[in-house]
Engineer: 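Sharing a structure with you now.
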Protein chains: 2
Amino acid sequence: MSRVLVVDDDPQLLRALRITLRAAGHEVVVAPDGATALREAAASHPDVVVLDLGLPDLDGTEVLAGLRPWFTGPVLVLTARTASADAVAALDAGADDYVTKPFDMDELLARLRAVLRRRSTETTAPVVVTDHFTVDLAARQVTVDGVPVRLTPTEWALLSELVRAPGRLVGQRQLLQSVWGPAYETETNYLRVYLAQLRRKLEPDPAHPRYLHTEPGMGYRFRP
Amino acid sequence: MSRVLVVDDDPQLLRALRITLRAAGHEVVVAPDGATALREAAASHPDVVVLDLGLPDLDGTEVLAGLRPWFTGPVLVLTARTASADAVAALDAGADDYVTKPFDMDELLARLRAVLRRRSTETTAPVVVTDHFTVDLAARQVTVDGVPVRLTPTEWALLSELVRAPGRLVGQRQLLQSVWGPAYETETNYLRVYLAQLRRKLEPDPAHPRYLHTEPGMGYRFRP
DNA sequence: TCCCGGCGTCAAGGTCGCGTCAGGATCGGC
DNA sequence: GCCGATCCTGACGCGACCTTGACGCCGGGA
C-alpha cells in the first residue's frame with residue numbers, strides 16, 4: 001500500500017510496529033536513530049514517516065528539520081512526553097500529526113490512514129509540461145518549443161501561481177494578493193496586462209489562448 | 001484569519017474557545033448542538049469545524065456524516081471519551097484530527113494551525129457527480145458529458161449554493177441572499193432566469209429538469 | 001368557467017469587465 | 001549621469017453579462 005519509515009530507538013516497539021504495519025499492507029523501513037533515519041529517508045523515499053521524538057542521537061525536531069526541506073510526504077510524530085509543548089513545537093515544525101505514548105495501535109493506524117488520505121490527492125509535480133511549453137518551478141525556467149524564454153519577476157510570479165493549480169480556477173483576488181500583495185486586491189487591470197504578456201510569450205496563438213484561460217468576473221485558469 | 005465553527009454543548013468551554021480563537025485571529029461561529037451545527041455550517045461556510053463528539057441531540061459522527069458530503073474543509077474532533085475506538089471511528093468518518101478532553105489550549109491551536117496549513121496546500125477535490133454532469137467545487141469547473149462548460153459568476157454562485165446541499169431544499173430567500181445579497185430577497189424572477197440558464201447548460205432535457213427541481217412557492221432542490 | 005399567483009421563456013437595453021496599446025515612471029547597471 | 005528593462009497607468013473598443021419587462025402556460029380556488 002505505502003512505504004512507511006519508522007524511526008524509534010525501542011527495539012520492542014519497533015518490532016510491534018513493523019508487524020502491525022505489515023499486516024495493514026504497508027511496506028516498512030526502520031531506523032533506530034536520527035542519523036540513520038535521515039539516511040534511510042533519502043535512500044528509500046518513503047511515503048510517510050513515523051518519527052519518535054525521543055532519540056539517542058538527535059532531537060526529533062532536528063530530524064524533522066532535516067527532513068522537511070525536501071521530504072514532502074506526511075510525518076507522524078510519536079512521543080512519550082506528556083508536555084504538549086513538544087507536540088506544539090513538532091506540529092509547527094512541519095509534522096502532520098502526533099500521538100502520545102502509550103498509544104493504541106488502532107489509533108495509530110487510523111491516524112496513518114488519515115494523513116495518507118489527505119496526501120493522496122496532492123500534486124508533487126515540480127515541472128509542468130504542455131504540448132507547447134514547459135514550466136520548471138524548481139529551476140525557475142520556462143521553455144517554449146525547447147528554447148528558453150526570459151520572464152520578468154512579475155510574470156514569473158503570476159505564471160507560477162497559475163500552473164501550481166493546473167485545471168483549477170484561481171480567483172483574481174488570490175492572484176493579486178499573492179503577486180502584488182493584499183493592498184492591490186482591486187487592481188484587476190494588472191492582471192489583464194500581465195496575462196496578455198504571458199500569452200504573448202507562451203501561447204501559440206495569443207489571441208485565442210489554449211492554456212491560460214480567462215473566466216470573466218472570476219479569475220484565470222491554466223489548463224495543461 | 002479563518003472562520004471557525006465550534007460545536008460544543010458546554011457553555012463554559014464554548015466561551016473559553018471563543019475568546020482564545022478570537023485572540024488567535026480567527027472569526028468564530030458557535031453551535032450548542034448538532035442540528036444548529038449543520039444549519040450554521042451551511043449558512044456561514046466556515047473554513048474549519050471544531051466538533052465535540054458528545055452532543056445532546058445527535059452523535060458527533062452523525063454530524064460529521066451530515067457535514068462531509070458537501071463540507072470540504074478540515075474537521076477537528078473534540079472528545080471527552082478516553083476510548084480510542086471513538087477516535088478511530090471519527091477519523092475514518094472523515095475527521096482530520098482529534099483532541100481528547102481535557103486538552104491544552106495551545107495544543108488545540110497548534111493542531112488547528114496544522115490542519116489549516118495542510119488545507120492551504122491541499123488539492124482535495126470536493127466534486128459532485130451525476131450521470132450527466134460533474135461539479136468540481138474546488139476547481140470551479142463544471143463538465144457536461146466530459147466537456148468543460150463555462151458558467152458566469154452568477155450562474156456559478158447559484159449552482160454551488162444548490163450543489164452544496166444535495167437533496168436538501170434551499171429556500172428562494174436563502175438563494176437570493178447568498179448570491180445577490182440581503183437587499184434582493186424578493187427578486188424571485190432572478191432565480192427563474194438563472195435557473196433556466198443553468199438547466200439549459202446542464203440538464204439533458206431542460207424542459208423536464210432531472211437534477212434542478214422547482215418546489216413551487218418554496219425554493220429549489222438539487223437531486224444528484 | 002373565470003381569475004390569479006407562480007413559474008418558464010424570451011428579448012432588449014445598459015453596464016461592466018476584458019483585451020489591447022502606448023506613454024510615462026521607476027529602478028538597476030555601467 | 002545615461003540607458004535599458006521593467007512596471008505602472010490611463011484610454012478605448014468590444015463583447016459578454018446582468019437586469020428588466022413582457023408574454024404565455026399551468027394549477028388551484030372562487
Side-chain angles (χ1 to χ4, degrees), chain A residues 140 142 148-162 169-222, chain B residues 140 142 148-162 169-173 175-181 183-222:
Chain A
R140 288 209 155 206
V142 178
V149 171
R150 277 188 41 76
L151 292 187
T152 73
T154 311
E155 288 166 0
W156 175 260
L158 187 57
L159 178 65
S160 68
E161 199 67 21
L162 280 171
L169 183 139
V170 187
Q172 23 195 26
R173 282 248 303 275
Q174 185 185 334
L175 287 172
L176 287 165
Q177 185 172 336
S178 57
V179 175
W180 283 273
Y184 295 79
E185 279 190 353
T186 57
E187 305 285 336
T188 58
N189 44 334
Y190 291 10
L191 293 177
R192 295 204 294 273
V193 172
Y194 282 94
L195 253 298
Q197 292 187 7
L198 280 177
R199 291 204 251 247
R200 246 197 308 278
K201 291 188 176 182
L202 302 180
E203 291 276 0
D205 179 9
H208 304 92
R210 179 169 163 186
Y211 305 104
L212 301 170
H213 297 266
T214 145
E215 308 268 344
M218 304 203 285
Y220 293 85
R221 184 196 308 272
F222 166 69
Chain B
R140 287 211 163 195
V142 177
V149 171
R150 283 186 21 71
L151 293 187
T152 73
T154 311
E155 288 166 359
W156 176 260
L158 186 57
L159 178 65
S160 69
E161 201 66 22
L162 281 171
L169 173 77
V170 186
Q172 17 195 27
R173 281 250 304 275
L175 286 173
L176 287 164
Q177 184 173 337
S178 58
V179 175
W180 282 273
Y184 294 79
E185 279 190 355
T186 57
E187 306 283 339
T188 58
N189 45 334
Y190 289 9
L191 293 178
R192 293 203 295 276
V193 172
Y194 280 94
L195 253 298
Q197 292 187 7
L198 279 178
R199 291 203 252 248
R200 243 198 309 279
K201 291 188 175 182
L202 302 181
E203 292 275 1
D205 180 9
H208 304 93
R210 179 169 162 186
Y211 304 103
L212 300 170
H213 296 269
T214 302
E215 307 271 346
M218 313 264 302
Y220 293 85
R221 182 195 308 271
F222 166 70

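Below, chains carry the letters A, B, ... as their sequence lines are ordered, and counting in each starts from 1.
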Engineer: How about B/Val142 and B/Glu155: do any of their side-chain heavy atoms sit closer than 4.5 Å?
Structural biologist: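 The answer is no, as the side chains (C-beta and beyond) never meet within the 4.5 Å cut-off.
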Engineer: Should A/Val179 and A/Tyr190 count as side-chain neighbours, where that means a heavy-atom distance under 4.5 Å?
Structural biologist: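 The answer is no, as the side chains (C-beta and beyond) never meet within the 4.5 Å cut-off.
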Engineer: Given atom NE2 of A/His208 and atom C1' of C/dT20, what is their separation to the nearest angstrom?
Structural biologist: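 So the two atoms are 14 Å apart, to the nearest Å.
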Engineer: Rounded to the nearest angstrom, tell me the gap between atom CG in B/Leu198 and atom P in D/dC17.
Structural biologist: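 After rounding, the gap between these two atoms is 13 Å.
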Engineer: Whether A/Thr152 contacts D/dT6 is assessed here as follows: a side-chain N or O lying under 4.0 Å from the phosphate OP1 or OP2. Is that the case?
Structural biologist: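 The answer is no; no side-chain N or O of A/Thr152 sits under 4.0 Å from OP1 or OP2.
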Engineer: Counting side-chain heavy atoms from CB outward, which of D/dC18, D/dC17, D/dC8 is closest to B/Tyr194?
Structural biologist: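 The answer is D/dC18.
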Engineer: Would B/Trp156 and B/Tyr194 count as a close aromatic pair, with their ring centres under 6.0 Å?
Structural biologist: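 No.
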Engineer: A/Leu176 versus A/Thr186: any side-chain heavy-atom pair under 4.5 Å?
Structural biologist: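 No, too far: nothing below the 4.5 Å cut-off.
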Engineer: Are any of the side-chain heavy atoms of A/Tyr220 and A/Leu162 separated by less than 4.5 Å?
Structural biologist: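 A/Tyr220 vs A/Leu162: side chains touch.
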Engineer: For residues A/Arg210 and A/Glu203, report the shortest heavy-atom separation together with the two atoms involved.
Structural biologist: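 For A/Arg210 versus A/Glu203, the nearest heavy atoms are N-OE1, 2.8 Å.
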Engineer: Rounded to the nearest angstrom, tell me the gap between atom CD in A/Glu203 and atom P in C/dG19.
Structural biologist: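 Result: 12 Å.
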Engineer: Look at A/Glu215 together with B/Arg150 and state whether they make a salt bridge at an N to O cut-off of under 4.0 Å.
Structural biologist: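 Salt bridge between A/Glu215 and B/Arg150, a charged N being under 4.0 Å from a carboxylate O: yes.
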Engineer: Provide, to the nearest angstrom, the distance between the CZ atom belonging to A/Arg150 and the P atom belonging to D/dC7.
Structural biologist: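 After rounding, the reported distance stands at 10 Å.
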Engineer: Would you kindly give the CD-to-C1' distance between A/Glu187 and D/dG10, to the nearest whole Å?
Structural biologist: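 One finds 12 Å between C1' of D/dG10 and CD of A/Glu187, rounded.
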Engineer: Nearest whole angstrom, please: distance from the C1' of D/dT19 to the CD of B/Gln197.
Structural biologist: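 To the nearest whole Å, that distance equals 11 Å.
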Engineer: Identify all pairs in which a protein N or O lies below 3.5 Å from an N or O of nucleotides 3-9 of chain C, and state each distance.
Structural biologist:
residue : atom : partner  : partner atom : Å
C/dC7   : OP1  : B/Gly217 : N            : 2.8
C/dG8   : OP1  : B/Arg199 : NH2          : 2.5
C/dG8   : OP1  : B/Thr214 : OG1          : 2.6
C/dG8   : OP2  : B/Tyr220 : OH           : 3.1
C/dG8   : N7   : B/Arg192 : NE           : 3.0

Engineer: Please tell me if A/Trp180 has a side-chain N or O lying less than 4.0 Å from either OP1 or OP2 of D/dC7.
Structural biologist: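 Result: no.
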Engineer: What is the distance from OH of B/Tyr184 to P of D/dT19, rounded to the nearest Å?
Structural biologist: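 Spelled out: OH on B/Tyr184 to P on D/dT19 is 6 Å.
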Engineer: Answer yes or no: does a side-chain N or O of B/Tyr190 lie under 4.0 Å from OP1 or OP2 of D/dC18?
Structural biologist: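 So the side-chain polar atoms of B/Tyr190 never come under 4.0 Å of the phosphate oxygens OP1 or OP2 of D/dC18.
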